[in-house]
There are 2 protein chains.
Amino acid sequence: MAGFSRFLAVLRVFNEAASAWSVPDMADALGLPASTAYRTVRDLVDAGFLEAAHDGAYRLGPAFIEYDRLLRMTDPLVHAGAGALRDVVMQAHTPCVALLSRLYNDQVMCVADEAARETPFRSSYERGKPMPLTQGATSKAILAQLPTRQLNRLIGTPKAAPDNEVLRRELAEIRRRGYCATASEIDTGLAGIAAPVIVREAGIHASLSLVAEDTNLDESQRRRLVLLVVSAASLISEELRHRHSSTSINPPVPMPRRSVK
Amino acid sequence: MAGFSRFLAVLRVFNEAASAWSVPDMADALGLPASTAYRTVRDLVDAGFLEAAHDGAYRLGPAFIEYDRLLRMTDPLVHAGAGALRDVVMQAHTPCVALLSRLYNDQVMCVADEAARETPFRSSYERGKPMPLTQGATSKAILAQLPTRQLNRLIGTPKAAPDNEVLRRELAEIRRRGYCATASEIDTGLAGIAAPVIVREAGIHASLSLVAEDTNLDESQRRRLVLLVVSAASLISEELRHRHSSTSINPPVPMPRRSVK
DNA sequence: GTCAATATTCTCACTTTATGAGAATGAGAT
DNA sequence: ATCTCATTCTCATAAAGTGAGAATATTGAC
């Protein structure tokens, strides 16, 4: 391990349970010599990825907030979807959470979320949390739309993983219907309704989903929400498609030629 | 330039105006040989900091969303403040935006924001955007509470920067009052009311502020909001102080010893 | 399908750079 | 003052990144 991966290793020791670290503790945890650990941390602090907290403890730094904002403002999916999510929870007329989630490499991650007023629960899907690939309406709606080749790479070919036959059948059904509805698959008591947001040409494989309490939903409610989700999802897809076709690939501005030490 | 700084340089070419880059363009912009640029980008993609978009273009990647969530969940200030912001905009009973902002090195950055329902405007302060150090109620409320030594480092000593005399006097006044109110200093037509959130022992220098339309505020309104902001800010400070005194500095859990290639 | 034009990865000799043990210094606590 | 622990510094060593150019993959045009 060396070079870049050392920085990644240091960042990876931070998690929900251990969010403040002293340098010696990091060095111990990673098996690094003290001098290297100190240097690595100093570089990360200089770059804004870590921040000195107190008593020699370090926390994640402001660069993550800053880059997250930049991503929020420039990522076409997040940008196009955030407004749609607000509309969806408004028009749902019931306590619920709306989510926009994407395939990122081999995991699904929620990239935007919005809760209706007075919603007493929360989905375990939430912005920034990696989620299982094969469970929940949100993920399945995405998988169902993938080209066979890509799907095989993610869940294994039918031959290599025959136990995925059930899942494959389910995905085919979802593709036919155009949406996916599940109940208590991720959070017990909560139902999920998801519709795909797919823009192949822009490399976007995503879904829009609505999470509500299962017991609150009668059949007509459910149908109404399915319609809401499906139409909102296709609205987003349309906008993305349109934006993509009218966007140049290369940076529109000559770009700031920053000097680097 | 080499090693780590090459990664930083690549990340820095991304901004609001240029959010998708091809590798050759990056190489041009940074004066890097193609092979190095491709390698750097590949490493960043592997780490999740960049993502392949389409047609050889790259965007900021999911790692930023993920680490931002982690920070949101573990940073004591953000965690303690988010709830308070919701309360503040509720109790303001007027269209407004509440902000929680921090000193990070030599800039001020908003780390959490919340708008009241039906708020037709937005503050230029928003989560993740670095803001000027010496303008606006938000920043001044923070500066006013800094130890002399630290303040001198940021705005220069009275001798080195005598033109800051006005600012210094203003900050003294803010310290005496315990809050700062400004109008049209950042956004014309908007007024800001800010109170400090200072927890020295935890290394936190922050402020809570409320932004509303200046014309909407009569004197009694203004007094009410000042009270609201000041009390919310001290509530957050108290919680942070309490939490800090009851928190161990080192990671509570032995930590996951991840293997790195 | 072929072909040309790019985009991307690979190779490899060359150094620049990071590395880490240990010494030196700094900061706190008793 | 002294001890302890945290942090930085030094420097010989080795490892990693570097970059020109070749090799290969991809894409789009025809």
Given B:L146, which partner from the list B:I155, B:L154, B:L171 fulfils the side-chain contact (heavy atoms from CB on, under 4.5 Å) test?
B:L154
Residue whose nearest DNA chain C nucleotide is more 5′ - B:R39 or B:P24:
B:P24
Could you say whether A:F4 or A:Y58 is positioned toward the 5' end of DNA chain D, judged by the nucleotide with the nearest heavy atom to each?
A:Y58
Grab the [atom1]-[atom2] distance between [X] and [N] for me, whole Å please.
{"X": "A:D55", "N": "C:dG28", "atom1": "CG", "atom2": "P", "result": "9 Å"}
{"X": "A:H54", "N": "C:dG28", "atom1": "NE2", "atom2": "P", "result": "15 Å"}
{"X": "B:D25", "N": "C:dT8", "atom1": "CG", "atom2": "C1'", "result": "15 Å"}
{"X": "B:L32", "N": "D:dA20", "atom1": "CG", "atom2": "P", "result": "11 Å"}
{"X": "A:D43", "N": "C:dT17", "atom1": "CG", "atom2": "P", "result": "14 Å"}
{"X": "B:R42", "N": "D:dG19", "atom1": "CZ", "atom2": "C1'", "result": "14 Å"}
{"X": "A:R6", "N": "C:dT19", "atom1": "CZ", "atom2": "C1'", "result": "7 Å"}

Among A:S139, A:S101, A:S209, which residue satisfies the side chain to side chain donor-acceptor pair (under 3.5 Å) criterion with A:Y125?
A:S139
Report yes if at least one side-chain N or O of A:T36 is closer than 4.0 Å to OP1 or OP2 of C:dT19; otherwise report no.
no
Give a yes/no answer on whether the side chain of A:Y38 brings an N or O atom under 4.0 Å of OP1 or OP2 in D:dT8.
no
Measure the acute angle between the ring planes of B:F49 and B:Y67, then classify it against the limits of 30° and 60° as parallel, tilted or perpendicular.
parallel
Out of D:dG19, C:dG20, C:dT8, which nucleotide sits closest to the side chain of B:S35?
D:dG19
For B:A195 and B:A233 the tightest heavy-atom approach is CB-CB, 3.7 Å
